[in-house]
Amino acid sequence: METPGLVVQGEAASFSTALRSLLNNPQYSDVCFVVGQERQEVFAHRCLLACRCNFFRGLLGPKLGPGMPSPVVLSTVPAEAFLAVLEFLYTNSVRLHRHSARVSLCFPLMGSVHTLPHTHCGLQRNIDASAQPTFLCFQLCLEFVVKVMDVEMVCEALQVAVTFGLGALQERCVAFIEAHSREALRTRGFLELSAPALLPLLRSDRLCVDEAELVLAARSWARVGAAVLERPVAEVAAPVVRELRLALLAPAELSALEEQNQREPLIPVEQIVEAWKCHALRRGDASRGAPCRRRRGTLPREHHGFLDLPLK
């Protein structure tokens, strides 16, 4: 019977340091990437990327002829994010700092992660072995993002979560915004949310903000979207504006909103009529649910007593 050989383990740190010296090093490299809007050149080694990540294996393909092939252009991937992914693939580790949290959110743009199978709560664990290094890098970076999440970046994280179907991250982002609603609504990230990313916020009962402020925030969001997309404000707002709970506003506030809506259409007229109907009948309609339900941050008003729908 053959005696099993002895496995001798070398020092992992020195091995990692040696491989890190090859990171973005033109010496011995055989592939060049042009990444980001700045078109930064990044040098790498085809065999290492191909054996560590199936995305790069498919992207690079077999080597064609001698010499350096044409650069691979990845214009939508920020250079800093790309280099962080390469660092993990080369060394099985990546150095992250608080200022690099936003970079971590760019990893799905590489396509190496969001093409993996998904479940309703995030990425599956059973993935191809060649995808595991990039998946693990992505997973660790998302954990890092959650740990350092703040008001300035939470909406950006929410957008990434919604775009790539990362349910667990989306839940954490929504919970954070619920606890810091007023501050989050004033950030640039909020104004840049897509309609699908804004919807879970407007549907939440736990936002710590009054409805009057939420209406103003929704109008600001729609104005930015209208300017970017060159479309009318009302058209941009249409997918989300139904989630505003106008019945919570006092009559004077509702009148002011109606006047502004005539100058700058944002809310469908029939939605405002429904809010007035609630005031006229002096009762809430349990069948209508959320439109009459107070949020956690809703300021008390005299008519809330007849809404009959307490805060949940």
Side-chain angles (χ1 to χ4, degrees), residues 2-116 123 125-148:
E2 184 178 350
T3 304
L6 176 65
V7 177
V8 179
Q9 297 285 352
E11 186 181 357
S14 60
F15 179 73
S16 178
T17 299
L19 284 178
R20 183 172 277 109
S21 70
L22 297 177
L23 185 63
N24 197 19
N25 187 341
Q27 190 175 25
Y28 309 124
S29 67
D30 57 0
V31 62
C32 177
F33 297 90
V34 177
V35 295
Q37 297 299 319
E38 298 80 11
R39 299 184 62 81
Q40 179 177 336
E41 286 189 337
V42 176
F43 297 93
H45 305 81
R46 181 185 300 266
C47 62
L48 193 152
L49 298 185
C51 74
R52 289 278 284 165
C53 178
N54 60 357
F55 166 70
F56 284 112
R57 182 185 301 171
L59 178 67
L60 299 176
K63 187 171 182 179
L64 302 176
M68 179 80 75
S70 299
V72 179
V73 179
L74 298 172
S75 59
T76 61
V77 182
E80 192 176 356
F82 187 74
L83 285 168
V85 171
L86 291 192
E87 181 181 353
F88 190 88
L89 294 180
Y90 273 68
T91 69
N92 217 37
S93 64
V94 61
R95 290 169 290 188
L96 294 174
H97 308 282
R98 188 176 184 86
H99 74 274
S100 61
R102 284 190 174 87
V103 173
S104 304
L105 296 175
C106 297
F107 289 163
L109 296 176
M110 289 186 60
S112 53
V113 175
H114 75 266
T115 54
L116 296 175
L123 294 171
R125 294 181 180 179
N126 297 325
I127 57 178
D128 185 83
S130 62
Q132 287 178 357
T134 312
F135 170 78
L136 179 58
C137 177
F138 177 71
Q139 191 175 47
L140 292 174
C141 289
L142 286 187
E143 292 175 3
F144 175 76
V145 168
V146 170
K147 289 180 181 178
V148 302

Show me the side-chain donor-acceptor pairs of residues 12-19 shorter than 3.5 Å, one per line, residues at least two apart or across chains.
from	atom 1	to	atom 2	distance (Å)
S14	OG	E11	O	3.0
T17	OG1	A13	O	2.9

Response to the item:
Here the gap from S29 atom OG to E41 atom CD, rounded to the nearest 0.5 Å, amounts to 10.0 Å
Practice prompt. Decide yes or no for L83 and V42: does some side-chain heavy atom of the first lie under 4.5 Å from some side-chain heavy atom of the second?
Written response: yes
Worksheet, complete the sentence: The reported gap from CG in D30 to NE2 in H45 (rounded to nearest 0.5 angstrom) is 7.0 Å
Practice prompt. Output the distance between atom CG (N24) and atom SG (C32), rounded to the nearest 0.5 Å.
Written response: 8.5 Å
Discussion item. For the aromatic rings, using the six-membered ring if either is Trp, is the centroid distance between Y28 and F43 under 6.0 Å?
Written reply: no
Discussion item. Looking at R46 and L60, would you say the former's side chain and the latter's main chain have a donor-acceptor pair under 3.5 Å?
Written reply: yes
Practice prompt. Measure the CZ-CG distance between R52 and L86 for me, rounded to the nearest 0.5 Å.
Written response: 11.0 Å
Worksheet entry | Spatial distance of atom OG (S21) from atom OH (Y90) [nearest 0.5 Å] | 10.0 Å
Worksheet item: When you measure from the side chain of R39 to the backbone N and O of V73, does any donor-acceptor pair fall under 3.5 Å?
Response: no
Discussion item. Using the rule given for side-chain contact (heavy atoms from CB on, under 4.5 Å), can you reason through L22 versus Q27, listing the C-alpha separation, both sets of side-chain angles and the distance that settles it, and then say yes or no?
Written reply: CA-CA 8 Å; L22 297 177; Q27 190 175 25; over 6 Å; no
Practice prompt. Enter the distance from E87:CD to L89:CG here, rounded to the nearest 0.5 Å.
Written response: 10.0 Å
